2 protein chains.
Amino acid sequence: MSSLRDVAERAQVAVSTVSAALNGTRPVAAATKERIEQAAAELGYRPNVLARGLVSKRTRILALLFPAPRSGFGLTEMQFATGAAEAASERGYHLLLSPENADPIEELRHLTGLGLVDGVLLMEVRLDDERTRWLAEAGFPFSMIGRTREPGSIDYADIDFARMAGDAVAHLAGLGHRALAFFNHSTDGYSAQYGPAIRAGEEFEAAAREAGLGYVGDFRADSAEQGRQAFERLVAEHPEVTALAVMNDHAAVGVIAAVAEHGWQIPRDLTLMLVLSSARVAEMFHPRLTTLEPPSAELGRLGAGMLIDRLTGDGDGPPRQRLVACRLVTGDSSAPPPVDRTERRDNSAAPPVDRTGGRR
Amino acid sequence: MSSLRDVAERAQVAVSTVSAALNGTRPVAAATKERIEQAAAELGYRPNVLARGLVSKRTRILALLFPAPRSGFGLTEMQFATGAAEAASERGYHLLLSPENADPIEELRHLTGLGLVDGVLLMEVRLDDERTRWLAEAGFPFSMIGRTREPGSIDYADIDFARMAGDAVAHLAGLGHRALAFFNHSTDGYSAQYGPAIRAGEEFEAAAREAGLGYVGDFRADSAEQGRQAFERLVAEHPEVTALAVMNDHAAVGVIAAVAEHGWQIPRDLTLMLVLSSARVAEMFHPRLTTLEPPSAELGRLGAGMLIDRLTGDGDGPPRQRLVACRLVTGDSSAPPPVDRTERRDNSAAPPVDRTGGRR
DNA sequence: GAAGCTTGTCGAAACGTTTCGCAAAGCTAA
DNA sequence: TTAGCTTTGCGAAACGTTTCGACAAGCTTC
């Protein structure tokens, strides 16, 4: 690989002049500059990132800290990475994929001590997250995909949960539903600190109240079996509910099975929609489910983008904080509520051709 | 951040001695070594990757070149990245996620010219892949996830398609099926060079023949609509087929819908299985589909691992080439063939409770 | 007790950049 | 004409490592 010195020799100038010409850090006479650029092109010169980083203290490398894939780690989370990598690439940066081991703080200490990365991108941020505290204290540049309970002046890109809930409720209310239920993630273990679950729950309740709709929000389901049970309880305790939004893909599987066992059909007897699931997942179901698709790649892009902004621009400008709307993808699982469900319930032995979801 | 010099001062030795002691590249007296290690620990010393890489020409960074997410880019492909990142991390390496732009060769030229990465990990390798040619010619270390038609001495980790097909056929034959069909990806566009589609097709045919089973392999489907049409044709042209393996998730959606429209049930009237789809996807279906889950994360791990082996060990040892089996995840969609399908076909207005897949 | 090893440590060079003080011009203004 | 300024380019230092020849001391061996 040719170096700055090779270019300097070929262009008959000093090394420092080449550096200045190529980076534009100092004025260089037009003629000289052209000569240098030609020499560089002829040699196929590429600046060595390591040498540059060593002296300038800036490597143009970002690290995305990603947690060990828990079960339930899906396409959505992965798109943070691809979105961030693309945004970084477009701006001349690189993205390091850094798996988080058992001790995230030790991992951070290691990563930042390497001198390899200019900034860190955090995902799967919990409402109370020790990583943000450590990074802030260490004064290391970072941004979040998601956010803590009190983001303060930390940069972040997150889902606009209020708007998402508003859109969902508007969609259902627009179809004529008067009472809806929301199956959230379970509150135990990881989810206790899981921002999306908590924020979605709160916002759904608020949106339903504002729209003057009946609302059942205290059901949880993270698996098919839990989804099934939750549905059974829902039907027993809240027969007025005609529309259901589910957070967890697996729970939806259970709900759908239970609905069928009841002799009900979707969407004739129940409107079912996913929340924060990608359209690719939603269309695996039958009928194709309506979903509010999270803007995952966009969040990744934004997270990386604002981190680069912070790195290249003023280090202590105002916080960059963005909330992004979800996309409502209407499937075949949304419909007006049944006029009289008890009547329909008896009607369950419909011709099989009807069972495919109706709208296709 | 403390440097080697700080450690040297604190331990009262020369810089080079510290380097030797910490890396073990030269013998250092036990007492001195201990003193140095303590000083390093007290200062929280971390070697600067950039400086080290600059002189040693080894950065311990790998790049995973990942293509722009085409549609159909799923969990499976993403797990290559996480697997590779984990394997790298365990061995003290880092993984750079490098999005491939319109011109892969230019991208490679850029990436390798940076001096930033020691080796490149290729995924989505086509049967005839210009990237492998360029890298081989440039003499730049790399390995493949997947493989070209003639891998020669290039390192790779790929799916064991022969075994996969054998397992699938054995599973179906074991249930008593005598004739099966395989819906492959379509042959146009990208898939024309898509190794998994071609190899799976070939191996399926071979395995079916070897098992003495009837086989229909010339159907293609990449979408729900195509799946539906392919199924209709299959039923019309090959009524003897009782088991169907499908490559594409979306095609499976269409097949299931068409099956229902026929008044058939899975698995009572037809055994349906996925091929090379993750279990997470398979269990979104209803009934839960049997699948041959690709060992994606494992392939990522292996790909990174063999690249690191190559980098640290002998550069021109024998090729490291690994084929990994898929995991058969039995769902609720596999069952013995119907005794007499015409009889069952009339029986389609079964009580709704039966429609959930039976085995749950 | 000198020659020859071995062991342990040092110092300096090198890697390829960026940065910055400095100087040689050429120009302007008095 | 000369002092002062601007423009342009140079050279050296620095970044934090690794690598390697040199060398001092201690040991063996005859």
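To find a chain, count down the sequence lines: A is the first, B the second, and so on, and within it residues start at 1. This one's a predicted model, so the numbers in the text were calculated from it and none came from an experiment.
With contacts defined as side-chain heavy-atom distances shorter than 4.5 Å, the pair A:Ile61/A:Tyr93 does not qualify.
Heavy atoms of other residues, nucleotides or ligands lying less than 6.0 angstrom from CD of A:Glu42 number more than 12. Residue-environment remark: CZ (B:Arg322) stays at or below the threshold of 12 foreign heavy atoms within 6.0 Å.
The pair A:Glu106-A:Arg109 counts as a salt bridge, with a side-chain nitrogen and a carboxylate oxygen less than 4.0 angstrom apart. Ion pairing between a basic and an acidic side chain is recognised when a charged N comes within 4.0 Å of a carboxylate O; B:Asp128 and B:Arg126 show no such pairing.
At its two ends the helix from C:dG1-D:dC30 to C:dA30-D:dT1 runs along axes set 50° apart, each axis drawn from five pairs and the angle rounded to 10°.
Rounded to whole Å, atom C1' of D:dT8 lies 17 Å from atom CD of A:Glu34.
Across all strands, A:Val13 comes closer than 4.0 Å only to sugar-phosphate atoms, never to a base (heavy-atom distances).
With sequence neighbours excluded, the residues satisfying side chain to side chain contact (heavy atoms under 4.5 Å, CB included) with B:Pro295 are B:Ile159, B:Glu298, B:Leu299, B:Val324, B:Cys326.
A side-chain donor-acceptor contact under 3.5 Å links B:Thr59 and B:Asp118.
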Margin query: Does the protein touch nucleotides 12-21 of chain C at the base, only the backbone, or not at all? Give it as B, S and - per nucleotide, heavy atoms under 4.0 Å.
Written below: B--BBBBBBB
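Just one residue in the list A:Arg310, A:Gln321, A:Arg320 forms a side chain to side chain donor-acceptor pair (under 3.5 Å) with A:Asp155, and that residue is A:Arg310.
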